[in-house]
**Student:** 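Okay, here's the structure, questions in a sec.
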There are 2 protein chains.
Amino acid sequence: MKLSTKGRYAVTAMMDIALHEKVGPVTLADISQCQGISLSYLEQLFSKLRRNGLVKGVRGPGGGYRLAKPASEISVADIIDSVDERLDLTKCGGKGNCNNGEKCLTHQLWHDLTCDLHRFLSGIKLDQYVNRPQISELVKKQDAQYGRFLNRRTAA
Amino acid sequence: MKLSTKGRYAVTAMMDIALHEKVGPVTLADISQCQGISLSYLEQLFSKLRRNGLVKGVRGPGGGYRLAKPASEISVADIIDSVDERLDLTKCGGKGNCNNGEKCLTHQLWHDLTCDLHRFLSGIKLDQYVNRPQISELVKKQDAQYGRFLNRRTAA
DNA sequence: TAATTCCTGAGTAATTTAGTCAGGAATCTA
DNA sequence: TAGATTCCTGACTAAATTACTCAGGAATTA
């Protein structure tokens, strides 16, 4: 039982954007460099995040991505659902025909578990982590290390 | 975010054994047929379950597998851990060196989530599901359909 | 002795994941 | 208007994992 890096990368990237909301749009090139994720791969992921209404792209110099809604309204479940196709642990995708047309012995178990997991992830909003001093420190250190946002005015 | 069928198959198979504890050892051939899982694949999984002390194999005619301890002491987490290598959602496997030697922005999040998930799965013991009337019905129907245990005395 | 069942390890096909590549479209700055 | 920047898209590829097969041996029972 592993989380694909797809979901993990997406959440990390969204976190990066949320952490810089006050500075302005964040480019994928920056995220790629700082978080160690391939640029082209990020582009794929953001195509999905955009289609699902989680981010807005801003083209041209000084552009990048911003959150499409407040960080307090974006949950980890939203992000994973967007890129990861599905958060479902049953074999049958919830249809209940997992064994020969009938439900398999563990259908109910996986169904319950999926619901719990989803509820849990839905409860975690981006802003919860953004506001942690521990994480603010980390990102400040990172920004300095890579010289991000050096020649940019602070935007609303 | 998906559960590999490895974990799902293992739990289903263990459930099958638990449900027939009173009848005697359950053969992998039976599980294979009733639950729709390849026999050779089951053998691989049970090799791990055995090494992790969850089942005991009984060779020879009338043999099969039984639980190595009471169903009330076997959790879903135990089973998944046994076959699935690891229940860990962090990139670094918990080491904290996920981004360039430092923790990545979402390390804490995945760590928390992993703990919660593990706690949740540890709380689900096999006997909880075995005692559900819904599931007893299902397995009774299955046994009849495949003619299991027809010529076997009920063993202690 | 023969049937049954566990048990092991090596190999393979299919799928998914992660990542590359090439090129176009919108936007900004000069 | 030119050129830089950045998003944006789709097709392709490499690597890893998953799911599964195969061949054969070992213990046990009848």
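Below, read A as the first sequence line, B as the second, and so on, with proteins coming before strands; counting in each chain starts at 1. Owing to the predicted nature of the structure, the values given are computational and were not obtained by experimental measurement.
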**Student:** If you draw the axis of the six-membered ring of F46(A), does the NZ or CZ of R50(A) fall within 45° of it and under 6.0 Å from the ring centre?
**Tutor:**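 Not satisfied by the 6.0 Å and 45° rule.
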**Student:** So, is R50(B) near the phosphate of dC7(C), with a side-chain N or O under 4.0 Å from OP1 or OP2?
**Tutor:**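 Result: yes.
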**Student:** Between Y65(A) and dC8(D), is there a contact of a side-chain N or O with OP1 or OP2 at under 4.0 Å?
**Tutor:**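 Checking Y65(A) against dC8(D): at least one side-chain N or O falls below 4.0 Å of OP1 or OP2.
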**Student:** For nucleotides 27-29 of chain D, give me every protein contact, N/O to N/O, under 3.5 Å, one pair per line with atom names.
**Tutor:**
| residue | atom | partner | partner atom | Å |
| --- | --- | --- | --- | --- |
| dA27(D) | O4' | R59(B) | NH1 | 3.0 |

**Student:** Using only side-chain N and O atoms of S47(B), determine if any of them is under 4.0 Å from OP1 or OP2 of dC7(C).
**Tutor:**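 No, no such contact exists.
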**Student:** Honestly curious: do Y146(A) and L42(A) fall in one hydrophobic cluster under the side-chain, below-4.5 Å linking rule?
**Tutor:**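 Looking at the clustering, L42(A) is in a separate group from Y146(A).
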**Student:** Do V58(B) and L54(B) land in one hydrophobic cluster if side-chain heavy atoms of ILVMFWY residues count as linked below 4.5 Å?
**Tutor:**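 Cluster IDs for V58(B) and L54(B) differ.
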**Student:** When you match S40(B) and G64(A) each to their closest nucleotide on DNA chain D, which lands nearer the 5' end?
**Tutor:**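 The answer here is G64(A).
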**Student:** From OH of Y41(B) over to P of dC22(D), roughly how many Å is that when rounded to an integer?
**Tutor:**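 From Y41(B) OH to dC22(D) P: 16 Å.
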**Student:** For T27(B) and G63(B), which heavy atoms make the closest approach, and how far apart are they?
**Tutor:**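 Reported closest heavy-atom pair: CG2-O, 3.5 Å.
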**Student:** Could you tell me whether D143(A) and K140(A) make a salt bridge, using a distance below 4.0 angstrom between a side-chain N and a carboxylate O?
**Tutor:**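 Judged by the 4.0 Å cut-off on N to carboxylate O distance, D143(A) and K140(A) do not form a salt bridge.
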**Student:** To the nearest angstrom, how far is L45(B) atom CG from dT21(D) atom P?
**Tutor:**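 In whole Å, dT21(D) P lies 13 Å from L45(B) CG.
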**Student:** Whole Å only: how far is the CD1 atom of I17(A) from the C1' atom of dC7(D)?
**Tutor:**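 To the nearest whole Å, that distance equals 12 Å.
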**Student:** Assess, by modelled atom type and distance only, whether the side chains of T106(B) and T12(A) contain a donor and an acceptor separated by less than 3.5 Å.
**Tutor:**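 Yes, because at least one side-chain N or O of T106(B) sits under 3.5 Å from a partner of the opposite role on T12(A).
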**Student:** Starting from C1' on dT9(D), measure out to CG on L39(A) and report it in whole angstrom.
**Tutor:**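 Checked: the CG to C1' distance equals 13 Å.
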**Student:** Atom CD1 of I31(B) and atom P of dT5(C): how far apart are they, to the nearest Å?
**Tutor:**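 It is 12 Å, rounded to the nearest whole Å.
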**Student:** Could you give the NZ-to-P distance, from K48(A) to dC8(D), as a whole number of Å?
**Tutor:**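 Atom NZ in K48(A) sits about 16 Å away from atom P in dC8(D).
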**Student:** Output all residues satisfying side chain to side chain donor-acceptor pair (under 3.5 Å) with Q35(A), sequence neighbours left out; order by chain, then residue number.
**Tutor:**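 Checked Q35(A) against side chain to side chain donor-acceptor pair (under 3.5 Å); matches are D16(A), Q142(A).
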**Student:** Has Y9(A) got a side-chain N or O lying under 4.0 Å from the OP1 or OP2 atom of dT17(C)?
**Tutor:**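 For Y9(A), the contact criterion (side-chain N or O under 4.0 Å from OP1 or OP2 of dT17(C)) is not met.
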**Student:** In whole Å, I'd like the distance from the CG atom of L49(B) to the P atom of dC7(C).
**Tutor:**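 Spelled out: CG on L49(B) to P on dC7(C) is 11 Å.
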**Student:** Please state whether the phosphate of dT5(D), meaning OP1 or OP2, lies under 4.0 angstrom from any side-chain nitrogen or oxygen of T27(A).
**Tutor:**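 Looking at the OP1 and OP2 atoms of dT5(D), neither is under 4.0 Å from any side-chain N or O of T27(A).
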**Student:** Check whether more than 12 heavy atoms from other residues, nucleotides or ligands sit under 6.0 Å from atom NZ of K69(B), and answer yes or no.
**Tutor:**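 Counting neighbours around NZ of K69(B), more than 12 heavy atoms of other residues, nucleotides or ligands fall under 6.0 Å, so yes.
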**Student:** So, taking the atom named CD in Q134(A) and the one named CG in L105(B), what distance separates them when rounded to the nearest 0.5 Å?
**Tutor:**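 Between atom CD of Q134(A) and atom CG of L105(B) there are 11.5 Å.
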**Student:** Nearest-Å distance, NZ (K56(B)) to P (dT5(C))?
**Tutor:**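 So the NZ-P distance, K56(B) to dT5(C), works out to 19 Å.
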**Student:** Please produce a list of atom pairs where a protein N or O lies less than 3.5 Å from an N or O of nucleotides 11-16 of chain D.
**Tutor:**
none

